*Asks:* 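Can you keep this structure in mind? I'll have questions shortly.
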Amino acid sequence: MLREKIDAWAIECADRIAHKHRQRALTYKGLKEESDALAIWIYETYMIEGIKRQTPVIVYGHKENEMLVSFVASIKSGNPYVPVDSSVPVERFKQIIQASGARLILSPKTVPDEIKELTDLNLIIKDNISLFDVLDFYSRYIGQVPPTEWQVGLDEVYYIIYTSGSTGVPKGVQITLRALESYLNWVNTAYQPVEKSEVYLNQAPFSFDLSVMDLYMSLSTGGTLWSVDKEQIANPRELFESFKESEVSIWVSTPSFAEVCLMDKSFNQELLPNLKRFLFCGEVLTHDCASKLVQRFPKGLVENLYGPTEATVAVTTVTITPEIHDKYNPLPVGAAKPDCKVLICNSEALTEYTKSGDLTKKPEILPEEERGEIIIAGPNVSIGYLNNPEQTAKAFFTWEENGEKLQAYRTGDAGMWKEGQLFFFGRLDFQVKLHGYRIELGDIEENLRQIDWIDNAVVLPIERKGKVDYLHAFLTANKDITSEFEEAQAVREALRSSLPDYMIPRRISFLERMPMTPNGKVDRRALLGGQK
Ligand code: AMP
């Protein structure tokens, strides 16, 4: 199992670096010793006071070694972890603590005072602290090993990742160890990483499921995870300096991140001589981006993976060979993971089926070249959203085939199969991807309506070259708008306490009233028509 694999590197290659972030490195020996000790501390601290096994533990930070130690320690103590990036606004952090029912926050960082002071969050208070600097507390257990019976079992939840939810509250996707193992067996077979030799780029914060790809491919194969943080990403010169010494051989990022790097001419094989594979997931990989990468990195294979957090990172993949590149535009997202069904169904029929729960009303699978909604069924599909039966019932269902019952998820993505390849045609709902971030427009709208002088809010994605370029919010207010500029700034300021920066609309317009369609819905097309 995964834990045994990770621990085994501490013997086989004790001094190999498991994680590097700036000047700080964590060896496999260090990872094992520290996670063992911390697991015992968690068990002795957490599993008292009537707290049940499998109660989530929040790990708060941004790319620190201690985050990895905390992830592994949490699962060694039998509890799933919830990664929360330190860029999260306080209100959203609070929502995650409340929604997850977590009672403990592990953090190498200073947790905001607003969180520490919140007594209604039900966090454990031990010696007057509910939050701690990881290192100080568990050092007395170094050298001890937690019993294997404690660790998260195959069908227990291993991690929970929160994604944007259309109702304004994030949804916690629960991933079991079985789902994670199933995903890892697939990618490690498909890409054949060389054990104890690869260096993986980690671009995504650990709170996004894309990071699960690099983090666990690396830990399961004795690789080195090379993290770049948000300050480095914002400063290209520093980023490129760090690339030079990184020895990255497997690149994992959103296509958007690669596109930004491609703007610099020095982004080529000379900068990253060991680079042999690009693994992309999370948003459209454009033809143009793939061509540039193939030209600049003669030794690098470009892989396009597709999948949602709810199905453990990805479920289809394709290598963009010259044939695939020349034949298809848009590019396909590939063939399915062998033990997983990726099917196309009619959306209305699916809604009816999931509502009724009647297995005999199963919708038919659409034939090749017919477009419909992509559904995913198999061992890597999440068991549902934590403490959220309503949203779970809408998105998850049972798919029965040949007497076998599989957990299934409707993605809300439009797609079709053609010539053995899956093609992605955008969303069927109001979820968008902006620079790789998954955003429910309804989430922003709900937060806008929370501002007391805002009556109604509609947020639209504005596209450029086939991708979302920025978000435009249209608002009606219950007060006079004297200066659009100043009021827009006030709206942004108000949103900052509840939404991450990437969800704050770049353009904000105030309207007298929302345009309506004949059936009484906001006329989004009319809004788009009015936008320059
Ligand atoms: P997330 O849960 O953040 O990984 O977002 C999942 C969504 O990202 C999917 O439902 C798709 O809409 C989109 N997505 C993931 N991979 C791809 C891809 N290779 N091409 C286009 N869209 C993708």
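Since the structure is predicted, the reported quantities are computational estimates derived from the model, not experimental observations. These numbers come from the heavy atoms of this one structure, side chains and all, not from hydrogens, waters or symmetry mates. Atoms within each ligand, like the ligands themselves, are counted from 1 in listed order.
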*Asks:* If you count every heavy atom of other residues, nucleotides or ligands that lies below 6.0 Å from Arg371 atom CZ, does the total exceed 12?
*Replies:*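 Atom CZ in Arg371 is not crowded, with 12 or fewer foreign heavy atoms closer than 6.0 Å.
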*Asks:* Where is the nearest protein heavy atom to atom 9 (C) of ligand 1: which residue, which atom, and how far?
*Replies:*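 Looking at atom 9 (C) of ligand 1, the protein heavy atom closest to it is Asp413 OD2, 3.2 Å.
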*Asks:* Working note: Tyr409 + Glu310, criterion side chain to side chain donor-acceptor pair (under 3.5 Å); need CA distance, chi angles, decisive distance, verdict.
*Replies:* CA-CA 7 Å; Tyr409 171 70; Glu310 286 84 343; 3.2 Å; yes
*Asks:* Quick one: nearest non-hydrogen protein atom to atom 4 (O) of ligand 1, plus distance?
*Replies:* Asp209 OD1, 3.4 Å
*Asks:* Answer yes or no: is there an ion pair linking Arg410 with Glu348, defined by an N-O contact shorter than 4.0 Å?
*Replies:* no
*Asks:* Run the contact test for Val333 against ligand 1 with a 4.0 Å cut-off on heavy atoms, strictly below, and give the result.
*Replies:* yes
*Asks:* Could you give me the CA-CA distance, side-chain angles and deciding distance for Ser220 and Asn188, then say whether side chain to side chain donor-acceptor pair (under 3.5 Å) is met?
*Replies:* CA-CA 9 Å; Ser220 63; Asn188 285 341; 3.1 Å; yes
*Asks:* Starting from atom 20 (N) of ligand 1, which protein heavy atom do you reach first, and at what distance in Å?
*Replies:*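 The protein heavy atom lying closest is Glu283 O, 3.2 Å.
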*Asks:* Suppose we measure from atom 5 (O) of ligand 1 to each protein heavy atom; which comes out shortest, and what is that distance?
*Replies:*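 Looking only at protein heavy atoms, the one closest to atom 5 (O) of ligand 1 is Lys433 NZ, 2.9 Å.
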*Asks:* Which of the numbered atoms in ligand 1 are under 4.0 angstrom from any heavy atom belonging to Gly307?
*Replies:*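 Under 4.0 Å from Gly307, ligand 1 has these atoms: 4 (O), 6 (C), 15 (C), 16 (N).
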*Asks:* Can you report which non-hydrogen protein atom sits closest to atom 13 (C) of ligand 1, along with the distance?
*Replies:* Gly282 O, 3.5 Å
*Asks:* Once you round to the nearest 0.5 Å, how far does CD1 of Ile75 lie from CD of Gln151?
*Replies:*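 Taking CD1 in Ile75 and CD in Gln151, the distance rounds to 6.0 Å.
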*Asks:* For Glu352, I'd like to know if atom CD has over 12 heavy atoms of other residues, nucleotides or ligands within 6.0 Å.
*Replies:* no
*Asks:* Polar contacts were defined as any N/O atom of the residue lying under 3.5 Å from an N/O atom of the ligand; does this apply to Thr163 and ligand 1?
*Replies:* no
*Asks:* Considering only heavy atoms of Thr309, which atoms of ligand 1 have at least one such atom less than 4.0 Å away?
*Replies:* 1 (P), 2 (O), 3 (O), 4 (O)
*Asks:* Between Arg178 and Glu156 (salt bridge meaning N to carboxylate O under 4.0 Å), is one present in this structure?
*Replies:* no
*Asks:* With a 4.0 Å cut-off, would you call Lys362 and Glu400 a salt bridge?
*Replies:*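 Here Lys362 does not pair with Glu400 in a salt bridge, since their nearest N and O are not under 4.0 Å apart.
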*Asks:* Looking only at distance, does Tyr306 have an N or O less than 3.5 Å from an N or O of ligand 1?
*Replies:*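 Min N/O separation from ligand 1 is not below 3.5 Å for Tyr306.
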*Asks:* Considering Phe425, Tyr437, Phe424 one by one, which has a heavy atom nearer to atom 22 (N) of ligand 1 than any of the others?
*Replies:*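 Of the listed residues, Phe424 has the closest heavy atom.
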*Asks:* Distance under 4.0 Å to a non-hydrogen atom of Val284: what atoms of ligand 1 satisfy this?
*Replies:*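 By the 4.0 Å cutoff, the relevant atoms are 20 (N), 21 (C), 22 (N).
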*Asks:* Between Tyr159 and Asp209, does the side chain to side chain donor-acceptor pair (under 3.5 Å) criterion hold? Intermediate values first, please.
*Replies:* CA-CA 10 Å; Tyr159 67 77; Asp209 94 317; 5.2 Å; no
*Asks:* Give the residue and atom name of whichever protein heavy atom lies nearest to atom 19 (N) of ligand 1, and the separation in Å to one decimal.
*Replies:* Leu305 O, 2.7 Å
*Asks:* If you count the atoms of ligand 1 from 1 in the order shown, which ones are under 4.0 Å from a heavy atom of Arg427?
*Replies:*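 Those of ligand 1 that fall under 4.0 Å from Arg427 are 10 (O), 12 (O).
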*Asks:* Would you find a donor on one side and an acceptor on the other, under 3.5 Å apart, between the side chain of Lys433 and the backbone of Gly282?
*Replies:* yes
*Asks:* For ligand 1, is there an N or O atom under 3.5 Å from any N or O atom of Gln431?
*Replies:*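 Between Gln431 and ligand 1, no N or O pair is found under 3.5 Å apart.
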